[in-house]
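Here the structure is laid out as structure tokens; the discussion comes afterwards.
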Amino acid sequence: MKELTNWQKKEIEIAAQYAKMSLQEKMDVIAHVFNYETGKIKTTPCRGKWRGTSDISIRFDNDASLYIGNYATRKAKTQKAWSESVDIALRRFNPEIVQAAKESAAAVLLKQEIIDNAIAAQRALKPYTFLNVELNDREEKMNGGYMGWYYVTLAVGGKIVTHLEGGLFYGIAEGRMSEIVPQKQYFTAGGLNENSVDYVFYNVGFSSASDSYSLTLRDDVLERAEKRLAEREKECAGIEAYALRRKAQQVQKKQRPAIQHEER
């Protein structure tokens with residue numbers, strides 16, 4: 001059996017706090033993470049090569065659904081399968097672990113921003129400002145789902161955009177962003193034209209004007225992004241002001257001996 005990672009151990013430890021709850025109470029905890037009041041089990045028969053199995057989802061009070069497992073159809077209709085699936089989902093979607101995932105990823109992404117922007121400068125592309133880690137709590141029907149996916153918001157050339165990709169999602173969800181390293185050689189993200197690329201993320205070229213690798217920018221997400229951007233700009237202004245003061249102090253120290261010599 002593969003040894004559990006520290007992050008997986010943390011997930012299990014936090015989820016244990018909810019162990020004595022009923023199935024419905026556990027689903028309500030998950031629902032609250034996605035900003036809904038409650039949820040109920042929904043099973044959906046699969047087709048094609050998955051024929052004979054059924055997906056298990058939690059349907060929230062606005063009819064949005066979060067996929068939580070797949071079993072043989074007969075088993076998918078049992079209380080045991082429901083409990084197993086909900087328990088696994090609760091490890092990833094509870095308030096404590098979601099907050100920890102966001103904070104852990106943000107610390108890494110702030111450092112990655114510096115690396116990416118240095119590469120962007122070499123290629124005459126725009127720098128980006130990392131803003132927030134977000135958990136998608138809506139079904140993106142036009143974009144193929146992505147309910148429960150982590151993504152980030154960035155400011156590129158004065159425009160706030162969402163950035164979503166598989167590697168980023170799994171890195172955040174599994175608490176291993178610090179293990180992800182940039183591509184050794186720069187390349188343009190699949191499906192994009194090199195001429196449309198205007199920023200670099202983990203040494204890969206992306207386009208802030210494209211709908212690829214992005215989600216709909218909702219009003220609440222935009223509001224949080226704008227607030228964080230104002231904070232980042234204030235932080236940068238403070239750092240620049242500090243650097244200027246330090247430089248002025250150093251100049252003064254160099255000039256002081258000469259001034260004192262003249263006075264003598």
Side-chain angles (χ1 to χ4, degrees), residues 7 10-46 54-71 76-106 131-153 160-166 168-175 214-228:
W7 185 260
K10 186 173 185 176
E11 285 183 328
I12 293 171
E13 181 182 343
I14 292 174
Q17 301 172 20
Y18 303 93
K20 295 182 179 179
M21 288 184 172
S22 67
L23 180 63
Q24 185 59 58
E25 288 172 331
K26 290 176 181 179
M27 287 193 289
D28 289 348
V29 170
I30 296 172
H32 293 160
V33 167
F34 289 89
N35 297 313
Y36 302 114
E37 288 300 316
T38 189
K40 60 183 180 180
I41 290 293
K42 170 190 174 185
T43 60
T44 307
C46 299
S54 290
D55 288 341
I56 299 178
S57 303
I58 298 176
R59 172 171 281 182
F60 300 117
D61 41 49
N62 77 329
D63 285 339
S65 294
L66 174 70
Y67 168 83
I68 59 173
N70 177 273
Y71 291 81
K77 296 179 180 180
T78 66
Q79 186 82 14
K80 182 180 179 181
W82 298 352
S83 294
E84 287 176 353
S85 299
V86 169
D87 284 345
I88 292 172
L90 189 58
R91 280 174 49 180
R92 179 166 288 184
F93 299 119
N94 64 72
E96 293 86 354
I97 202 67
V98 168
Q99 185 61 30
K102 289 180 177 180
E103 291 176 356
S104 175
L131 301 175
N132 295 314
V133 178
E134 298 279 353
L135 176 66
N136 186 35
D137 56 11
R138 298 289 187 277
E139 283 186 300
E140 295 284 327
K141 297 183 185 299
M142 297 299 292
N143 294 321
Y146 301 114
M147 184 78 163
W149 278 55
Y150 286 100
Y151 64 100
V152 299
T153 49
I160 293 176
V161 300
T162 61
H163 182 98
L164 173 145
E165 52 180 296
L168 176 67
F169 159 60
Y170 287 109
I172 298 172
E174 296 171 2
S214 66
L215 293 174
T216 303
L217 183 58
R218 302 199 319 268
D219 290 343
D220 58 325
V221 175
L222 176 60
E223 184 178 346
R224 287 192 292 272
E226 290 175 335
K227 180 180 179 181
R228 181 57 181 148

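These numbers come from the heavy atoms of this one structure, side chains and all, not from hydrogens, waters or symmetry mates.
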Check against salt bridge (charged side-chain N to carboxylate O under 4.0 Å, His left out), R91 and D87: CA-CA 7 Å; R91 280 174 49 180; D87 284 345; over 6 Å; no
Minimum heavy-atom separation for [X] and [Y], please, with both atom names.
X    : Y    : result
A76  : I56  : O-CD1, 3.8 Å
Q24  : G39  : NE2-O, 2.9 Å
L168 : H163 : CD2-O, 3.7 Å
R224 : E134 : NH2-OE1, 2.8 Å
V33  : P95  : CG2-N, 3.6 Å
K77  : W82  : O-CZ2, 3.7 Å

Pairwise distance [atom1]([X]) to [atom2]([Y]) - rounded to 0.5 angstrom:
X    : Y    : atom1 : atom2 : value
E226 : I160 : CD    : CD1   : 5.0 Å
S65  : D55  : OG    : CG    : 10.5 Å
I68  : F93  : CD1   : CZ    : 10.0 Å
E11  : R92  : CD    : CZ    : 6.0 Å
I30  : Y18  : CD1   : OH    : 10.0 Å
M147 : L135 : CE    : CG    : 8.5 Å

For F169, ring-ring contact (aromatic ring centres under 6.0 Å, His included) partners two or more places apart: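 So F169 forms a ring-ring contact (aromatic ring centres under 6.0 Å, His included) with W149.
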Partners passing ring-ring contact (aromatic ring centres under 6.0 Å, His included) against F60 (at least two apart in sequence or in another chain):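 Result, ring-ring contact (aromatic ring centres under 6.0 Å, His included) vs F60: F34, Y36.
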Polar side-chain atom of N94 near backbone of E96 as donor-acceptor pair, under 3.5 Å: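 It does hold such a pair.
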Q79 backbone acceptor or donor facing S83 side chain under 3.5 Å: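 Yes; at least one donor-acceptor contact below 3.5 Å.
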So, do [X] and [Y] sit near enough that their side-chain heavy atoms are less than 4.5 Å apart?
X    : Y    : result
R218 : N136 : yes
D219 : E223 : no
M27  : I41  : yes

Non-neighbouring partners of T162 that pass side-chain contact (heavy atoms from CB on, under 4.5 Å), sequence neighbours left out: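 If we apply the side-chain contact (heavy atoms from CB on, under 4.5 Å) test to T162, skipping adjacent residues, the hits are Y151, T153, S214, L215, L217.
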Name of the residue among N35, V221, L66 meeting side-chain contact (heavy atoms from CB on, under 4.5 Å) with D137: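 Going through N35, V221, L66 one by one, the side-chain contact (heavy atoms from CB on, under 4.5 Å) with D137 is satisfied by N35 alone.
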Salt bridge (charged side-chain N to carboxylate O under 4.0 Å, His left out) evaluation trace for D63 with K42: CA-CA 10 Å; D63 285 339; K42 170 190 174 185; over 6 Å; no
